[in-house]
Amino acid sequence: MKASVSLDRAALRSSLLAWYDRQARTLAWRVSPDERRAGVRSDPYRVWLSEVMLQQTTVPHATPYFLSFTQRWPTVSDLAAVEDGDLMAAWAGLGYYARARNLLACARAVADQHGGVFPDTEEGLRALPGVGAYTAAAVAAIAFDRAANVVDGNVERVMSRLFAVETPLPDAKPELKALAGDLVTDERPGDWAQALMDLGATVCKPKGPLCDRCPVSAWCEAFKGGAPETYPRKTKKGDRPRRHGVAYVLTRGDAVALVRRPPKGLLGGMLGLPTSEWRATPYDDAEAVAAAPIAGAWRDFGAVEHVFTHFSLTLRVFAADKAGNGGANGGDFVWTPREGLSALPSVFLKAARAAERLL
DNA sequence: GATTCGTGGTA
DNA sequence: TTACCAAGAAT
């Protein structure tokens with residue numbers, strides 16, 4: 001019995017790794033087989049940076065940011081020397097801004113406490129800011145050839161189908177991780193991790209899996225069962241509540257008044273437009289004007305919709321020009337020229353565009 | 001252990 | 001339009 005299990009595992013691994021070599025999928029952060037033959041080693045800095053950017057983020061969205069970051073800051077020490085505001089501006093639009101704060105904290109920890117060299121073990125990596133179980137395992141495997149169990153959403157889906165796991169997510173996570181761990185060996189751990197994730201991303205997709213092209217369908221219980229797309233099982237998500245707010249576009253010549261948001265919480269540390277409180281009930285005109293950061297001739301520019309992970313937002317947009325209103329002082333604005341608006345999170349970019357006639 | 005935290009693409 | 005989803009981490 002035991003012999004047949006290990007035989008299956010070896011055959012499955014062999015088939016998937018052969019498929020991975022055949023694909024030769026090119027990604028901006030990946031060392032190609034040709035490069036590897038030429039002696040190029042994967043750079044832990046680039047592996048780490050890519051893994052952080054890819055957390056809950058698609059490859060097409062992350063790729064231009066990765067290229068820009070690695071061009072501006074070729075090493076972790078270069079990144080560690082960046083000022084907070086510049087880093088946050090460079091991250092604008094990627095989302096989950098705690099990642100940017102932790103990215104900088106991690107770079108500085110590596111530069112200051114590790115001599116600019118990344119730890120080469122899972123435990124050492126896991127202790128760094130913004131590096132959780134997945135990222136520590138991924139960097140350990142891909143950059144340092146450690147036999148780490150790299151489990152992301154792709155791997156969970158692949159395991160749930162291979163073994164027809166009936167436990168719904170997220171309860172199934174420990175079970176799926178254990179199943180993935182049984183397939184890890186000392187042979188090409190980095191390639192194995194990437195092969196599994198590539199399979200999930202391009203073949204074993206959430207909807208419409210391409211089982212006729214799958215290198216491991218022969219071992220797949222869900223495929224045998226005839227309904228692979230129904231895995232992983234999952235518990236339904238609750239409704240997303242709606243919130244309402246008002247954003248204020250205050251101009252002074254070419255400049256727009258921005259505010260630096262508190263360091264933690266939603267959009268923490270980012271520049272943003274001044275806004276009212278975001279609450280459950282809509283704002284009428286009088287409330288919107290009353291909540292403005294300074295008194296002025298506020299004009300209604302409609303509203304924009306934005307969806308966050310855990311709520312939807314209807315944001316009314318009011319705008320005014322500060323010219324000829326030198327009196328009232330609403331406090332410390334960061335006056336930013338029009339082109340500087342690219343440093344804003346998307347929700348504020350939408351609102352600013354809504355007032356574009358004024359800008 | 002349940003919540004909080006973005007964004008853009010796709011069915 | 002709605003719902004789901006993508007190489008998760010911190011609290």
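Order of the sequence lines fixes the chain letters, A, B, ..., with proteins taken first and strands second; residue numbering starts at 1 for each chain. Values reported hereafter were calculated over all heavy atoms of this structure, with side chains retained and with hydrogens, waters and symmetry mates removed.
When atom types are taken as modelled, the side chain of A/Arg299 and the backbone of A/Ala320 share no donor-acceptor pair closer than 3.5 angstrom. The closest donor-acceptor contact from the side chain of A/Gln113 to the backbone of A/Val110 lies at 3.5 Å or more, if one exists at all.
If you check C/dG8, C/dA7, C/dC4 against the side chain of A/Tyr96, the one that comes closest is C/dG8. Listed nucleotides B/dG6, B/dT4, C/dA7 differ in distance to A/Arg99; the shortest reach to its side chain belongs to B/dG6. Of the listed nucleotides (C/dA7, C/dG8, C/dA10), C/dG8 has the atom at the smallest distance from the side chain of A/Gln56. Of the candidates C/dA7, B/dC5, C/dC5, the closest approach to any side-chain atom of A/Pro206 belongs to C/dC5.
Residue A/Ser50 is the one, among A/Ser50 and A/Leu128, whose nearest nucleotide of DNA chain C lies closer to the 5' end (criterion: closest heavy atom).
Distance check on atom C1': C/dA6 versus B/dC5 gives 15 Å, rounded to whole Å. Spacing of C1' atoms, C/dG8 relative to B/dG1, comes out at 16 Å, to the nearest Å. Nucleotides C/dA9 and B/dG9 are separated by 23 Å at their C1' atoms, to the nearest Å. Spacing between C/dA7 and B/dT4 at atom P, rounded to whole Å, works out to 24 Å. Atom C1' of B/dG8 sits at a distance of 16 Å from the matching atom of C/dT1, rounded to the whole Å.
By the 6.0 Å and 45° rule, A/Arg161 does not stack over the aromatic ring of A/Tyr231.
When the side-chain contact (heavy atoms from CB on, under 4.5 Å) test is applied to A/Ala62, the partners found at least two apart in sequence or on another chain are A/Met53, A/Leu54, A/Thr57. Remark: A/Asp285 engages A/Arg316 in a side-chain hydrogen bond (donor to acceptor under 3.5 Å, both in side chains) (not counting sequence neighbours). Scanning for side-chain contact (heavy atoms from CB on, under 4.5 Å) contacts around A/Ser68 gives A/Arg72, with sequence neighbours left out. A/Thr75 meets the side-chain hydrogen bond (donor to acceptor under 3.5 Å, both in side chains) test with A/Asp78; sequence neighbours excluded.
Taking the six-membered ring wherever Trp is involved, the centroid distance between the rings of A/His306 and A/Phe308 falls below 6.0 Å.
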Check the interface with nucleotides 8-11 of chain B: list each N/O to N/O pair with the protein under 3.5 Å, or write none.
| from | atom 1 | to | atom 2 | distance (Å) |
| --- | --- | --- | --- | --- |
| B/dG8 | OP1 | A/Ser346 | OG | 3.1 |

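As judged by a 4.0 angstrom heavy-atom cut-off over every strand, A/Lys234 is placed among residues touching the sugar-phosphate backbone only. Within 4.0 Å (heavy atoms only), A/Leu103 reaches no atom of the nucleic acid at all. At a threshold of 4.0 angstrom between heavy atoms, the contacts of A/Thr135 are confined to the sugar-phosphate backbone, with no base atom among them. A/Trp91 comes within 4.0 angstrom of no nucleic acid atom, judged by non-hydrogen atoms across all strands. Counting any heavy atom pair closer than 4.0 Å across all strands shown, A/Ala133 reaches sugar-phosphate atoms only and no base atom. The residue A/Arg242 sits apart from the nucleic acid: no heavy atom pair falls under 4.0 Å. Using a 4.0 Å heavy-atom cutoff across all strands shown, A/Val131 reaches sugar-phosphate atoms only and no base atom. Residue A/Pro345 is classed as a sugar-phosphate contact, given heavy-atom separations below 4.0 Å to backbone atoms only. Residue A/Arg101 is classed as having no contact, given no heavy-atom separation below 4.0 Å to the nucleic acid.
Residue A/His310 has no polar side-chain atom (N or O) positioned under 4.0 Å from OP1 or OP2 of B/dT4.
Contacts between residues 162-176 of chain A and DNA chain B, counted as heavy-atom distances below 4.0 Å, involve no residue at all. Contacts between residues 262-270 of chain A and DNA chain B, defined by a heavy-atom separation under 4.0 Å, are made by A/Gly265, A/Leu266, A/Leu267. Contacts of residues 75-87 of chain A with DNA chain C (heavy atom under 4.0 Å): none.
A/Phe223 and A/Val203 end up in different hydrophobic clusters when Ile, Leu, Val, Met, Phe, Trp and Tyr side chains are linked at under 4.5 Å.
Taking atom CG on A/Asp239 and atom C1' on C/dA3, their separation rounds to 10 Å, with Å as the unit. Taking atom CD of A/Glu51 as the reference point, atom C1' of C/dA6 lies 13 Å away to the nearest angstrom. Here the C1' atom of nucleotide B/dG6 and the CG atom of A/Leu313 are 12 Å apart, to the nearest Å. If you take OH of A/Tyr20 and C1' of C/dA7, they are 12 Å apart, rounded to a whole angstrom. Atom P of nucleotide C/dA7 and atom CG of A/Asp152 are separated by 5 Å, given to the nearest angstrom. Between the P atom of C/dA9 and the CH2 atom of A/Trp48 lies a distance of 13 Å, rounded to the nearest Å. Taking atom NZ of A/Lys237 as the reference point, atom P of C/dC5 lies 5 Å away to the nearest angstrom. One interatomic measurement links the two molecules: CG of A/Leu54 to P of B/dT7, which rounds to 17 Å at whole-angstrom precision.
Note on ring orientation: taking the six-membered ring where Trp is involved, the planes of A/Trp298 and A/Tyr248 are perpendicular (angle over 60°, cut-offs 30° and 60°). Note on ring orientation: taking the six-membered ring where Trp is involved, the planes of A/Phe66 and A/Trp29 are perpendicular (angle over 60°, cut-offs 30° and 60°).
Legend: side-chain hydrogen bond (donor to acceptor under 3.5 Å, both in side chains) pairs involving residues 79-92 of chain A, not counting sequence neighbours, sorted by first then second residue: A/Asp84-A/Arg108. Here salt bridge (Lys or Arg N to Asp or Glu O under 4.0 Å) pairs that include residues 192-219 of chain A, with residues two or more places apart or in two chains, are A/Arg25-A/Asp198, A/Arg30-A/Asp198.
Taking 3.5 Å as the limit, the base of B/dG6 and the side chain of A/Thr57 contain a donor-acceptor pair of atoms between them.
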Using side-chain contact (heavy atoms from CB on, under 4.5 Å), reason through A/Asp120 and A/Leu125 one step at a time and then give a plain yes or no.
CA-CA 7 Å; A/Asp120 65 354; A/Leu125 291 160; over 6 Å; no
Scan the side chains in residues 35-47 of chain A for donor-acceptor partners under 3.5 Å anywhere in the protein, sequence neighbours excluded, and list what turns up.
| from | atom 1 | to | atom 2 | distance (Å) |
| --- | --- | --- | --- | --- |
| A/Glu35 | OE1 | A/Ser32 | N | 2.9 |
| A/Glu35 | OE1 | A/Ser32 | OG | 3.4 |
| A/Arg36 | NH1 | A/Asp191 | OD1 | 3.4 |
| A/Arg36 | NH1 | A/Asp191 | OD2 | 3.0 |
| A/Arg36 | NH2 | A/Asp191 | OD1 | 3.4 |
| A/Arg37 | NH1 | A/Asp34 | OD1 | 2.4 |
| A/Arg41 | NH2 | A/Asp145 | OD2 | 3.1 |
| A/Ser42 | OG | A/Ile142 | O | 3.1 |
| A/Asp43 | OD1 | A/Tyr45 | N | 2.9 |
| A/Tyr45 | OH | A/Trp73 | O | 2.6 |
| A/Arg46 | NH2 | A/Ala28 | O | 3.4 |

Pair up each side-chain donor or acceptor in residues 256-266 of chain A with any protein partner under 3.5 Å, not counting sequence neighbours, and list the distances.
| from | atom 1 | to | atom 2 | distance (Å) |
| --- | --- | --- | --- | --- |
| A/Arg260 | NH1 | A/Gly269 | O | 3.0 |
| A/Arg261 | NE | A/Leu266 | O | 3.4 |
| A/Arg261 | NH2 | A/Leu266 | O | 3.2 |

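For the 3.5 Å distance criterion, the side chains of A/Arg99 and A/Asn102 fail to qualify, holding no donor opposite an acceptor.
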